[in-house]
Amino acid sequence: MKAMSNVDIFTISDELNNLLTGARVDKSFQPSKDIVVMRFHVAGTGRVDLVMQCGSRIHTSKYPLENPTNPPTFPMLLRKRVKGAHVESVTQHNFDRVVEIKVKKDKYYTIVVELFDKGNIILLDEDNNIILPLKRKHWSTRDISSKKEYIFPEERGINPIKVSEDEFKNIFIQNESDVVRTLAVNGFGSLYAEEIIQRANKYAQIDKNTQNNDLTEEQISALYKSLKELFDILKNEEYKPQIVKDGRREDVLPLDLVKYEGFEKTYYENFNEACDEFYSKRVNNDIKDIKKKAWNKKVNKFEKRLRLQEETLDNFNKTIETSQHKGELIYSNYTGIENLINVVNSAISKEYSFKEIGKILKKAKKDGMDEAQIFESIDKMGVLTLNIDNTSILIDPKLSIPENAESYYEKAKKAKKKTKGALIAIENTKKQLEEIKSKKELAMENISIPKKREKKNLKWYEKLRWFVTSDNTLVVGGRDAGTNEAIVKKYLDNNDIYLHADIHGASSTAIKLEGKSLNDTILKESGEFAASFSSAWSKGFTTQDVFWVHPDQVSKTPEAGEFLAKGSFVIRGNRNFIRSARVKIAIGIVNYEGKRIMAGPVDALEAHCENYVVLKPGYTKKEAIAKKILHKINEEDLITLDDIIRVLPSGKCDIDEEYHQRKKYEQN
């Protein structure tokens with residue numbers, strides 16, 4: 001993957017500084033061993049994800065990466081130390097491939113992103129000491145380890161923003177090389193080195209391979225003028241972020257280059273967006289390939305096991321066949337074998353050695369003796385090897401003919417017994433192989449390249465919790481203290497109904513009747529909604545009492561001497577109760593003022609869509625359950641994982657498999 005150049009980093013850090021200064025740091029993640037994502041909340045913009053990949057890139061991204069279930073140590077430490085901090089600045093260090101993100105919480109912290117070589121990401125304290133690096137590294141001049149003072153890499157190259165003409169000339173005087181190499185090794189890389197030379201040709205002809213000591217004053221001045229013109233564009237923030245293409249070649253740039261004239265160009269609003277398009281899809285494909293290899297390794301393990309088991313079974317069957325055949329051959333050649341055994345035993349009784357017996361039998365075979373024709377050899381233990389009908393058979397002269405045959409039949413019996421165990425093992429392995437293949441297939445579907453996260457124009461009720469009853473009545477609820485306050489002050493009209501679960505920690509809920517009459521269906525479904533989006537869910541309750549009142553009974557004025565927290569209200573007068581409202585919701589895509597995701601009572605989802613998932617309080621984390629829901633309901637690719645997480649209740653969930661099995665049975 002193309003690593004960002006010093007010029008790219010200059011542009012990115014300038015844009016990030018303008019965007020993130022004052023932003024609040026949210027969570028941090030580590031999708032892979034060398035990628036860390038920091039999430040920020042930017043006033044007026046909302047969520048901004050910053051992707052940092054060691055040695056390669058840093059930019060904001062709208063392509064969410066899949067995060068591990070259990071966060072590694074480094075992002076957990078970032079969450080502990082800097083979550084809730086505010087960004088002070090984002091800067092490039094000395095026009096080098098190093099970015100510093102300074103934040104302030106209880107004290108100052110710095111996140112250093114090294115983008116040279118294999119790179120690193122390091123958290124520093126206010127005294128510039130290392131709290132924790134993503135990777136521990138040690139050189140003779142630098143030690144990147146916890147509690148060590150952080151030392152920046154040795155300064156090298158030209159800072160084009162600050163360099164004077166005399167300093168620039170000295171670079172060529174001090175280096176015995178050619179022009180293009182001198183510029184390249186001084187921080188510009190081959191691309192910008194050639195660009196500076198091409199632009200300088202407007203003022204003086206310069207071949208890029210010209211040796212430094214052959215350069216004239218006019219040529220060096222032309223190079224300096226070209227350098228300043230090029231970087232004045234960046235200094236003045238006159239960026240033209242773009243991705244250029246020409247056949248197989250593709251690059252991302254912050255400005256127009258002479259070198260890429262004639263290339264197909266796609267321009268972007270900012271360089272962060274261009275880098276996001278250029279890098280993110282490649283990285284997601286890389287991650288998918290890595291995970292595919294990991295799954296293939298698991299599949300290969302079972303395939304190898306199955307292959308060995310099938311080979312073993314095949315060997316058992318061969319043993320059965322050959323052993324039975326050898327036993328039969330012994331009986332069918334009974335007389336000849338018996339005569340040979342008698343000859344051998346007679347020689348043994350005369351104290352002939354087995355070696356001598358072997359020589360005698362070979363001579364007898366050669367001389368045409370009938371009994372000796374089946375003889376092949378005799379070993380040092382006296383066991384004979386005979387060849388009958390091109391089949392090699394071992395015969396022990398100390399045993400009778402039936403005993404020798406029985407040894408082969410017994411071998412066949414043992415192999416036959418083993419085949420039963422082998423068949424069971426093969427069936428088990430086949431089942432395991434099918435299971436792992438199914439898991440791989442599902443996992444690869446879930447790892448599909450994520451959609452770009454676009455900021456959606458939400459309807460007013462989508463900023464709250466909401467659902468539409470089975471008879472099309474809109475019900476809205478608060479998401480937090482601020483929106484609970486808004487439900488009563490902004491959205492609760494005189495003819496509406498106010499609901500609240502009879503438990504501490506619940507949404508303020510409003511039934512928007514809009515001239516309709518209140519009925520049992522609306523109350524039942526709204527009661528389930530209010531019960532489910534309360535602390536009853538996280539406590540694992542299956543039912544919860546809910547009360548409802550008229551708007552004029554809801555007041556923000558406390559009793560004398562009392563105080564009401566934000567989002568809290570006083571209820572005056574009689575309360576009407578919905579007893580044992582069910583704590584259960586369903587999630588699906590409904591067509592209500594356009595297609596959108598809705599979470600609400602099961603009856604409401606049954607009425608408005610065919611494909612939905614029913615949830616109950618459980619033990620599965622939101623991210624895991626959201627992936628399952630996305631796979632089940634996102635048939636038209638309308639929603640993202642974040643959309644589902646946003647509408648889930650507070651607390652862990654499980655899919656109500658019993659409900660879905662019953663529905664499936666009823667439909668059949």
Asp125 backbone acceptor or donor facing Arg81 side chain under 3.5 Å: no
Ring-plane angle category for Phe188 and Phe231, please: parallel below 30°, perpendicular beyond 60°, tilted otherwise. tilted
Within the side chain of Asn634, is there an N or O that forms a donor-acceptor pair under 3.5 Å with the backbone of Leu638? yes
Intermediate values then yes/no, side chain to side chain contact (heavy atoms under 4.5 Å, CB included), His86 and Lys104: CA-CA 5 Å; His86 286 83; Lys104 184 181 180 183; 5.7 Å; no
Could you tell me whether the side chains of Asp143 and Ser145 share a donor-acceptor contact shorter than 3.5 Å? yes
Do the side chain of Glu155 and the main chain of Asn94 share a donor and acceptor less than 3.5 angstrom apart? no
Derivation of the side chain to side chain contact (heavy atoms under 4.5 Å, CB included) call for Thr620 and Lys652: CA-CA 5 Å; Thr620 309; Lys652 296 179 180 179; 5.7 Å; no
Arg596 side, atom CZ; Tyr461 side, atom OH - distance, nearest 0.5 Å: 4.0 Å
Check Asp117 with Lys137, please: is the shortest side-chain N to carboxylate O separation under 4.0 Å? no
Which heavy-atom pair separates Ile121 from Phe74 by the least distance, and what is that distance? O-CZ, 3.6 Å
Tell me, with the steps shown, if Tyr239 and Phe271 meet ring-ring contact (aromatic ring centres under 6.0 Å, His included). CA-CA 8 Å; Tyr239 310 133; Phe271 192 45; 7.8 Å; no
Is it true that Lys616 and Asp654 make a salt bridge, defined as a side-chain N closer than 4.0 Å to a carboxylate O? no
With under 30° as parallel and over 60° as perpendicular, where do the rings of Trp460 and Tyr491 fit, or are they tilted in between? parallel
Measure across Met52 and Met38 and return the closest heavy-atom pair with its distance rounded to 0.1 Å. CE-CG, 3.5 Å
If you look at every heavy atom in Gly588 and Tyr612, which pair is closest and at what distance? CA-CB, 4.2 Å
Atom CG in Asn17, atom OG in Ser89: separation rounded to 0.5 Å? 6.0 Å
Measure the spacing between CG of Asn611 and CD of Glu635 and express it to the nearest 0.5 Å. 4.5 Å
Residues Leu123, Ile130; criterion side chain to side chain contact (heavy atoms under 4.5 Å, CB included); working and verdict: CA-CA 6 Å; Leu123 178 64; Ile130 298 170; over 6 Å; no
Calculate, to the nearest 0.5 Å, the distance between atoms OH and CD belonging to Tyr150 and Glu100 respectively. 7.5 Å
Look at Lys62 together with Asp276 and state whether they make a salt bridge at an N to O cut-off of under 4.0 Å. no
For atom NZ of Lys135, is the number of surrounding heavy atoms from other residues, nucleotides or ligands below 6.0 Å larger than 12? yes
Is there side-chain contact between Val647 and Ile585, with at least one heavy-atom pair below 4.5 Å? no
Side chain to side chain contact (heavy atoms under 4.5 Å, CB included) for Cys275 and Met4? Distances and angles first, verdict last. CA-CA 9 Å; Cys275 289; Met4 281 186 163; 3.5 Å; yes
Do any N or O atoms from the side chain of Gln53 and from the backbone of Asp34 form a donor-acceptor pair under 3.5 angstrom? no
Determine, step by step, whether Arg24 and Asp26 satisfy the salt bridge (charged side-chain N to carboxylate O under 4.0 Å, His left out) criterion, reporting the C-alpha distance in whole Å, the side-chain angles of both residues, the deciding distance to 0.1 Å, and the verdict. CA-CA 6 Å; Arg24 186 183 75 247; Asp26 200 347; 5.1 Å; no
Looking at Asp496, is its backbone amide N or carbonyl O close enough to the side chain of Asp493 to form a donor-acceptor pair, meaning the two atoms are under 3.5 Å apart? no
State, to 0.1 Å, how close Ser532 and Trp537 come at their nearest heavy-atom pair, and which atoms those are. O-CB, 3.4 Å
Check whether any side-chain heavy atom of Ile12 sits under 4.5 Å from a side-chain heavy atom of Val99, and report yes or no. no
For a quick test of reading the model, state the closest non-hydrogen atom pair linking Ser61 to Ser280 and the distance between them. OG-OG, 3.4 Å
Look at atom NZ of Lys105 and say whether more than 12 heavy atoms of other residues, nucleotides or ligands are closer to it than 6.0 Å. yes
Do you know which two heavy atoms are closest between Gly478 and Ser507, and how far apart they sit? O-OG, 2.7 Å
After noting the C-alpha distance and the side-chain angles of Lys2 and Asp251, does the key distance pass the salt bridge (charged side-chain N to carboxylate O under 4.0 Å, His left out) rule? CA-CA 8 Å; Lys2 162 185 152 46; Asp251 204 351; 3.5 Å; yes
In terms of the angle between their ring planes, are Phe529 and Phe467 parallel, tilted or perpendicular, with boundaries placed at 30° and 60°? tilted
Distance under 6.0 Å and angle within 45° of ring axis: Arg79 vs Phe29: yes
CD1 of Ile629 to NZ of Lys627: how many Å apart, nearest 0.5 Å? 12.5 Å
Has the side chain of Asp656 got a donor or acceptor atom that lies under 3.5 Å from a matching backbone atom of Val614? no
Is there a donor-acceptor pair under 3.5 Å between the side chain of Ser56 and the backbone N or O of Ala3? no
Measuring from atom CD1 of Ile587 to atom CD1 of Ile655, what distance do you get when rounded to the nearest 0.5 angstrom? 9.5 Å
Any chance you could lay out the ring-ring contact (aromatic ring centres under 6.0 Å, His included) test for Phe152 and His93, step after step, and finish with the verdict? CA-CA 9 Å; Phe152 283 98; His93 177 75; 3.7 Å; yes
Closer than 3.5 angstrom, by distance alone: can the side chain of Thr473 be matched with the main-chain N or O of Thr469 as a donor-acceptor pair? no
Apply side chain to side chain donor-acceptor pair (under 3.5 Å) to the pair Asp256 and Gln242, showing each step before the final yes or no. CA-CA 8 Å; Asp256 283 321; Gln242 60 193 263; 2.9 Å; yes
